[in-house]
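Residue numbers begin at 1 in each chain, while the letters A, B, ... track the order of the sequences. These numbers were taken from a predicted model, which means no experiment stands behind them.
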Amino acid sequence: MPQPDDAPRTDGTSTAILVAVAWPYANNHLHVGHLAGAYIPADVFARYHRMRGNRVLMVSGSDSHGTPVTVRAEEEGTTPEAIFQRYHESFLRTFEGYGISFDLFTSTDTENHRDVVQDIFLRLLERDYMYEAEQELLYDPKVARFLPDRYVEGTCPKCGYESARGDQCDNCGSTLDAVDLINPRSRLSDATPERRKTSHFFLKLSAFNDRLLEWVESKEGWRPHVKNFTIGMLKEGLHDRAITRDLTWGVPIPLEGYDDKRIYVWFEAVIGYLSAAKEWAASDLNPTGDAEAWRDWWQSPEAGTYYFIGKDNVPFHTVIWPAILMGYGDLNLPTDVPANQYLTMSGAKASKSRGGVVWAPDALERYDPDPMRYYLTAAAPETSDSDFTWDEFVRRNNDELVARWGNLVNRVLTITRRNFEERVPEPPAQLSEESTALLARVDEAFGPVGESFEGVQLRRALNGAMEVATAANQYLDARQPWVRVKEDRDHAAETLFVALNVISGLASLLNPILPFTSQKVWTLLAHDGEVQAAGWQRTPVVAGTTLPAPEPLFKKLDDSVVEEEAARLAR
RNA sequence: GGCGGGGUAGCUCAGUGGUAGAGCAGCGGACUCAUAAGCCGUUGGUCGGGAGUUCAAAUCUCCCCCCCGCUACCA
């Protein structure tokens, strides 16, 4: 059977890698925090594995269901479908613009997803991992809807704070139960909520507690905050959770007599990873035409499955989703969940609801995707919250991309073309020691840089590649080809030949992070095809090749950008 | 409150037992091919505080202080 990804391999093996990325909630545009937290790391990881010749399937989709979508629709006097559709399209444009290379970006609003969810629901019910039970919840009679705890406000029974939310008091920090609030009122209508009994399906999470704990404790290499947080949760003990709600917008329950209830998003959305893989396999996007191809990623024991999410999503991916998978059976559990922490905006937490957000589509109107990808990778919140500042963006763009890397390419190509009839010069039969050492340096970098990408230590990978660019600049300064070309042409020829080869290696090393400009470098070196298809290795630059005229890879940004963006943020 | 992450040079951060590191900023220098970019040298830290283990601790243990997040019927 032909493989969906037939890129060359460097080590003779090809592994199925599922790159599963958080499902954005379709109630607003994406901001740079989303890009840094999930989409860019996922894409960098996926592109690296494609270069390695692995079969990558990268999927996600819009989360179309949920109370906020419904509420927003009512505010705007439109339908949840219309809200979801608007932002789904925005997401697709954003991904295209930033080069986020999904194999499929679908949504939870598909028949396929409904079928997959209902299949899982029924099997878990059949296996006694679900049960029906009655519970008492708050109901808003004015809008005729049961209220999530968050949508109830009232006086905190512990501290007397008058605007406590149903789930937690912002004043004293206590965790609350909405039915305990004094003078409760609905945030949807200001009506006084009433208690009503309602029946729901519960997922028996408690049944998976021990298995989950054993599984997580066996995981090596997980980020400390992900692993420790999960273990802590499991040691405290899981409680069963209702997975249905009294709603009409969502996946219907596949049983008679539940027309006014829906399967709730937190159970249903994570299933999207599986339904998206199935949708992809059955679609024209799958070059093999084999609708069962999804099994390569979900059932093969050699496959790797990686989930790129923000830290607020950790419990759903390290506890609930694995529990569902265990209950259903015969499906791979997550290999790793490299959740990122938060990206703050000049010190403040990025938030869709509050201001101070850099919107992803907006930023792309003023800046190129690669500098954004570079900065958001270099400053990614991998181990702790990190801060986005325009000052740092401008500095990294100017000092690192323009001055160190872009200028390296530009200066080498310019000197070469001017002095060697626009061709790659012929090196001597025997390279000097320093030339051999530099070529070895770039070739050997593929090892550790690759390992860093595999371990989702993207900042480390980026630094590993950029150090090679520094070494190349040092080499050039030491050998001064612009001087030697006048007195010892062979010496300069060797220098430039080696430098061009190092640049070729760097284009590949940086391609996962900088796909647009790496391809540009590829073209400037007169290589054929795509850098990605050349594999995870340096592609030799051949003497005698005619080189096209270079043009700058990156634009230098003026410091005034910092004030302009600050003014924009303040609006 | 509980749990988790973090507190290392002016700034952003790397570094999990063996004589404190990078980039930027600052200072000095040589060069001039290149988007006035690149290169060399250099100033600068009692590694949050305290105690302990060890021949040796930023790195392990305990206590304390500070910042951030999570606390699952919001996703």
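U54(B) sits 37 Å from C11(B) when the P atoms are compared, rounded to a whole Å. With both ends at atom C1', the span from C55(B) to G17(B) equals 12 Å, rounded to whole Å. Spacing between U59(B) and G23(B) at atom P, rounded to whole Å, works out to 25 Å. Comparing A34(B) with G44(B), their C1' atoms are spaced 32 Å from each other, to the whole Å. A distance of about 15 Å separates the C1' atoms of G29(B) and G38(B), rounded to the whole Å. Here, G6(B) and A58(B) have their C1' atoms 14 Å apart, quoted to the whole Å. U61(B) sits 13 Å from G4(B) when the P atoms are compared, rounded to a whole Å. Taking atom P on both A14(B) and U32(B), the two are 40 Å apart, rounded to the nearest angstrom.
For Asn407(A) against G38(B), a side-chain-to-base donor-acceptor contact under 3.5 Å is absent.
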Quick test: give all pairs of protein nitrogen or oxygen and nucleotides 22-29 of chain B nitrogen or oxygen below 3.5 Å, distance rounded to 0.1 Å.
none

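Each of C40(B), C73(B), U35(B) was ranked by its minimum atom distance to the side chain of Asn410(A); first place goes to U35(B). For Arg459(A), counting side-chain heavy atoms from C-beta on, the closest listed nucleotide (C13(B), C73(B), C33(B)) is C13(B). Of all nucleotides listed (A34(B), A37(B), C39(B)), C39(B) comes nearest to the side chain of Asn473(A). Of the candidates C70(B), G5(B), C33(B), C33(B) carries the atom nearest the Ile415(A) side chain, counting heavy atoms from C-beta on. When the nucleotides A34(B), A72(B), C39(B) are ranked by their closest atom to the side chain of Arg418(A), A34(B) comes out on top. Among the nucleotides U35(B), A14(B), G38(B), the one closest to the side chain of Val402(A) is U35(B).
In this structure, His239(A) reaches the bases: a heavy-atom distance under 4.0 Å links it to at least one base atom across the strands shown. Residue Lys311(A) is in sugar-phosphate contact alone, with no base atom involved, counting any heavy-atom pair closer than 4.0 Å across all strands shown.
Here Arg196(A) does not pair with Glu136(A) in a salt bridge; the nearest charged N to carboxylate O distance is not below 4.0 Å.
With a 6.0 Å cutoff to the six-membered ring centre and a 45° limit on the axis angle, Arg241(A) counts as a cation-pi contact of Trp266(A).
Phe393(A) and Trp390(A) have perpendicular rings, their planes meeting at more than 60° on a 0 to 90° scale where under 30° would count as parallel. The aromatic rings of Phe146(A) and Tyr139(A) sit perpendicular to each other, their planes meeting at more than 60°, with 30° as the lower class boundary. Note on ring orientation: taking the six-membered ring where Trp is involved, the planes of Tyr273(A) and Trp321(A) are tilted (angle from 30° to 60°).
Residue order along RNA chain B, read from the 5' end via each residue's closest nucleotide, puts Thr414(A) first among Met233(A) and Thr414(A).
Test Thr244(A), Asp246(A), Asp260(A) against Thr198(A) for side chain to side chain donor-acceptor pair (under 3.5 Å) and you get one pass: Asp246(A).
Between Tyr374(A) and Glu400(A), the side chains place a donor N or O and an acceptor N or O closer than 3.5 Å (distance only, hydrogens not considered).
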